[in-house]
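Protein chains get the first letters and strands the later ones, always in sequence-line order, with residue 1 at the start of each. In what follows, every heavy atom counts, from backbone to side chain, and hydrogens, waters and symmetry copies are set aside.
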2 protein chains.
Amino acid sequence: MILHHSGRATAGRIGILATLLAEQKAITHREIEQRLPQSLQLDRVTLYRTLEWLVENGLIHKITSDDRVWRYHANHESHSHQHAHFKCTGCAQVICLDSLPTEQSWPLPTGYRFQEIELTVKGLCANCC
Amino acid sequence: MILHHSGRATAGRIGILATLLAEQKAITHREIEQRLPQSLQLDRVTLYRTLEWLVENGLIHKITSDDRVWRYHANHESHSHQHAHFKCTGCAQVICLDSLPTEQSWPLPTGYRFQEIELTVKGLCANCC
DNA sequence: ACAATGACGCAACATTGTTGCATTTGTATC
DNA sequence: GATACAAATGCAACAATGTTGCGTCATTGT
Ligand SMILES: [Mn+2]
Ligand SMILES: [Mn+2]
Ligand SMILES: [Zn+2]
Ligand SMILES: [Zn+2]
């Protein structure tokens with residue numbers, strides 16, 4: 001748990017990051033709240049702001065989804081900065097796929113500039129199959 | 001404007017579909033509301049339900065985004081059922097890319113079943129460059 | 001110990017979309 | 001064309017997720 005970043009290493013930040021590190025999949029604000037220990041009951045807003053801070057400092061990343069809910073996941077070294085995700089259409093679980101969708105230049109209209117790619121594979125997880 | 005589908009060909013449905021057909025890019029519920037003619041002032045809920053109906057009947061498709069807003073676009077024959085999208089990080093505009101992201105089997109964990117792919121390229125449009 | 005700055009908690013708000021239900025409208029049948 | 005039925009609409013209330021403002025508390029550097 002290295003927090004050599006702009007800002008303070010508070011109990012909340014450490015606990016939230018630990019929670020995310022302990023999780024294989026990407027989880028929602030709600031799920032994080034539920035997993036936090038009794039000793040770490042913090043306000044929803046603080047949780048939102050802490051997650052934002054962890055994202056800005058490159059310790060976690062967040063994933064958009066079609067259910068309008070952000071999911072958060074720790075930045076393990078195993079997967080690169082940019083990677084694809086899988087979302088189960090049965091249980092809504094989201095996992096990170098380590099394979100990059102290749103930055104093969106996408107044929108954009110002329111004058112358009114490429115920045116990044118966002119790729120989600122949908123299907124059924126092993127449990128929901 | 002062929003509406004040989006389950007349900008009625010009401011003024012609202014025809015007007016909304018016409019609005020979407022007249023648009024190059026995918027637009028939001030808000031934007032559709034603004035573009036509707038004076039003679040077609042319908043309730044927000046009706047608009048939501050009509051859009052849902054148009055999606056179910058395969059006349060339009062909707063696109064998820066990181067701003068938690070659905071964008072809708074008519075199903076022109078030019079782009080296939082499955083296609084990628086581009087979102088401008090400057091003006092939030094979304095267009096459909098006609099090139100398919102290839103259904104090359106993504107390496108999912110064992111036991112997982114592939115259903116579909118959702119791909120958004122982000123960058124700057126010609127105006128925002 | 002003190003002051004400055006950052007983090008936190010609480011309340012209120014914003015946005016987007018959904019649900020229930022009564023009323024209206026379109027369509028098939030007569 | 002009138003009638004009956006089902007579908008579509010309008011309105012109000014609700015739900016879920018996330019944001020903003022601001023006063024208070026805690027951490028850190030001096
Ligand atoms: Mn990920
Ligand atoms: Mn499209
Ligand atoms: Zn599942
Ligand atoms: Zn743009």
Integer-rounded Å distance: [N] [atom2] and [X] [atom1]:
X: Q41(B); N: dT9(D); atom1: CD; atom2: C1'; value: 15 Å
X: D66(A); N: dT17(D); atom1: CG; atom2: C1'; value: 15 Å
X: W70(B); N: dT17(D); atom1: CH2; atom2: P; value: 14 Å
X: L40(A); N: dC8(C); atom1: CG; atom2: P; value: 10 Å
X: D43(B); N: dG20(C); atom1: CG; atom2: C1'; value: 14 Å
X: I14(B); N: dA8(D); atom1: CD1; atom2: C1'; value: 13 Å
X: R44(A); N: dG18(D); atom1: CZ; atom2: C1'; value: 7 Å
X: E33(B); N: dG17(C); atom1: CD; atom2: C1'; value: 12 Å

Taking the side chain of R13(B) as heavy atoms from C-beta outward, which of dT20(D), dT9(D), dC8(C) is closest to it? dT9(D)

Rounded to 10°, the angle between the first-five-pair and last-five-pair axes of the helix from dA1(C)-dT30(D) to dC30(C)-dG1(D) is 30°

List the steps, then state whether side chain to side chain contact (heavy atoms under 4.5 Å, CB included) holds for W70(B) with T64(B). CA-CA 5 Å; W70(B) 290 106; T64(B) 186; 3.7 Å; yes

Using the closest heavy atom to pick a nucleotide of DNA chain C for each, name whichever of V69(B) or A11(B) lands nearer the 5' end. V69(B)

Walking DNA chain C from its 5' end, the first of Y72(B) and R49(B) to be reached, judged by nearest nucleotide, is Y72(B)

Can you find a side chain N or O atom of T10(A) that sits less than 4.0 Å from OP1 or OP2 on dC8(C)? yes

Criterion side chain to side chain contact (heavy atoms under 4.5 Å, CB included) on D67(A) and K87(A), from CA distance to verdict: CA-CA 11 Å; D67(A) 59 6; K87(A) 177 165 186 197; 3.2 Å; yes

According to a 4.5 Å side-chain heavy-atom criterion applied to Ile, Leu, Val, Met, Phe, Trp and Tyr, with indirect links allowed, do [X] and [Y] form part of one hydrophobic cluster?
X: V69(A); Y: F86(A); result: no
X: Y48(B); Y: L17(B); result: no
X: I60(B); Y: I27(B); result: yes

Can you find a donor-acceptor pair, distance only, under 3.5 Å between R8(B) side chain and dA8(D) base? no

Once hydrogens and angles are ignored, does a donor-acceptor distance under 3.5 Å link the base of dG17(C) to the side chain of R68(A)? no

Taking the six-membered ring for Trp, are H83(B) and H85(B) parallel (under 30°), tilted (30 to 60°) or perpendicular (over 60°)? perpendicular

Looking at E31(A), is its backbone amide N or carbonyl O close enough to the side chain of R35(A) to form a donor-acceptor pair, meaning the two atoms are under 3.5 Å apart? yes

